[in-house]
Amino acid sequence: MAAQKPSVPKGTRDFSPIEMVKRNFIFDTIKDVFKRYGYLPIETPSMENLSTLLGKYGEEGDKLLFKILNSGDYLEKVDKSLSNIDSNKLALQICEKGLRYDLTVPFARFVVQHLNEITFPFKRYQIQPVWRADRPQKGRYREFYQCDVDVIGSNSLLNEVELIQIMDDIFQKLNINTVIKFNNRKILAGISEIIGAPDKIIDITIAIDKLEKIGKKGVYDELIGRGVSSGSVSLLDPILELAGDNFAKLSSLKEILKNSEIGIKGITEVETVLNYFNTLTLKTELEIDLTLARGLNYYTGAIIEVKAKDVEMGSICGGGRYDDLTGVFGLKDVSGVGVSFGADRIYDVMQQLDIFPKEIVSSTKVLFVNFGEKEVRYCLPLLKVMRDNNINSEIYPDSAKMNKQMTYANNKNIPFVLLVGENEMQKGLLTVKNMVSGEQSEIKFDELLQRLNK
RNA sequence: GUGGAUGUAGUUCAGUUGGUUAGAGCGCUGGAUUGUGGUUCCAGAGGUCGCCGGUUCGAACCCGGUCUUCCACCCCA
């Protein structure tokens, strides 16, 4: 039989040890910060009932769901009248499960399902992969990890402030230069109200979102294409022309939206959040960006997104407030707010900028060279003491040539190599070689332990 | 889902208008050096030219399909 060519599905990847070490550095950094702010971990299944997922991400989102074929004779119960097969309808009958598309909707489901075990406000974090049947590109995968933090059951804008601090902390720790963009769905609602097309809020936000890409004229054309009257469109002008710093933008907006109750409410919310940062120092730039819309239609208040400054990449973190996500699962009036860190994109950014700390790639601190059976017996107890002292150490398993063993240490970035042969055994000393400087010296085991423990 | 590129050794890439046995750097293996890696020198191994089909006396090269990766839309972490 011909050997099968090994491969993984489109848009998925294997991760080598070096990649995993770097990925774990990102996950650990993020997790540490989440914990520092009092968030607790949960996990949910990779697959959800398809009914849980469908209709939560808009029409586009539904198309991007991976569906899981039922087990057994999945065609048995299919409505035979589907003879001119409509694949969408067929899918509903033969797939009752789907892979999760994000972590927010499963979280909403979780909250409703475990209502009586939860104390509100509930602050949770969740780091798991999600799947989207998108066409892969750079920075876009079909399987990728999201790192979500959400607080649910609290209307306080303090939560928005906290999330911004978390983003600031994390990107600081990862050494990524970022700008946090900030907007509010209520302001967008106000805008569509003012221009007399309140039902077109989604179309308007999608179009405004593209301002930077397609320009003002492009936005107008797009809006007219989406059925907004040209009279309404021209009313957008002062909004797209907004300039100045955050507070200047807000005061112009106040004037423009003065007749929209919801618009003013949005402005007040943004202002409240910004005012907290008058006394809290933030390392990251925080910028009001009205063109920030975010596709997900469940956002109702704050919308937040983070872009890396020094590299061309989509957003590496995004989120916002959703007032009624749990509503569809039967729990009304519970507001939540959260953001999601895209670990894979963060990885790509750090890789491109070459800013992973060098030291994380070396895990083993000490390698014992294997000179043969007698020497191994001498070394093993020493090795155990090292490990008991929390020093990552190993012995080369074969009595191979020095050359090979040294190369092994070199490739694994092991900083210290111990040579214990006949000479050393007689003297009761070890030869330690510093692989960075190349220096080597004889030393007592206890002394070495002490030095490595520092 | 629409449109456009791409694929040659482990890896990065050459490969002439279609013409014998497909090349290089890095990496790998062995040696110079049987107790010394990272530098140097020498030698060697390694390819179904993504896959399937077609055109041709002859295909890495031309044509069709398919898969992968990438780019632009769409959307998004």
Engineer: Work out how far the P atom of G10(B) is from that of U48(B), and round it to whole angstrom.
Structural biologist: 8 Å

Engineer: Base, sugar-phosphate alone, or nothing: which one does G421(A) contact when heavy atoms must sit under 4.0 Å apart?
Structural biologist: base

Engineer: So does N403(A) get a side-chain nitrogen or oxygen closer than 4.0 Å to the phosphate oxygens (OP1/OP2) of G37(B)?
Structural biologist: yes

Engineer: Can a donor-acceptor pair under 3.5 Å be found between the side-chain atoms of N410(A) and the base atoms of G37(B)?
Structural biologist: yes

Engineer: Can you classify the ring geometry of F122(A) versus F110(A) as parallel (below 30°), tilted (30 to 60°) or perpendicular (above 60°)?
Structural biologist: parallel

Engineer: Report yes if at least one side-chain N or O of Q137(A) is closer than 4.0 Å to OP1 or OP2 of A72(B); otherwise report no.
Structural biologist: yes

Engineer: Between the base of C74(B) and the side chain of R135(A), is one N or O donor paired with an acceptor at under 3.5 angstrom?
Structural biologist: no

Engineer: Output the rounded distance in Å from CG (N411(A)) to P (G38(B)).
Structural biologist: 9 Å

Engineer: For U56(B) versus G15(B), give the span between their P atoms, rounded off to a whole number of Å.
Structural biologist: 28 Å

Engineer: What I want to check is whether an N or O donor and acceptor connect the side chain of K433(A) with the base of G37(B) at under 3.5 Å.
Structural biologist: yes

Engineer: Does the Lys NZ or Arg CZ of R321(A) fall within the cation-pi geometry relative to Y299(A) - under 6.0 Å from the ring centre and within 45° of the axis?
Structural biologist: no

Engineer: Whole angstrom is fine here: how far is it from CD1 in I180(A) over to P in A77(B)?
Structural biologist: 16 Å

Engineer: Do the side chain of R345(A) and the base of C76(B) come within less than 3.5 angstrom through a donor-acceptor pair of N or O atoms?
Structural biologist: yes

Engineer: What interatomic distance, in whole Å, is found between C1' of U55(B) and the corresponding atom of G18(B)?
Structural biologist: 12 Å

Engineer: So what does G58(A) hit on the nucleic acid, given a heavy-atom distance under 4.0 Å: a base, only sugar-phosphate, or nothing?
Structural biologist: nothing

Engineer: Salt bridge check: are R13(A) and D344(A) linked by an N-O gap of less than 4.0 Å?
Structural biologist: yes

Engineer: Ignoring hydrogens and angles, are the base of G35(B) and the side chain of E424(A) linked by a donor-acceptor pair under 3.5 Å?
Structural biologist: yes

Engineer: For the side chain of Q405(A) and the base of U36(B), is some donor closer than 3.5 Å to an acceptor across the two?
Structural biologist: no

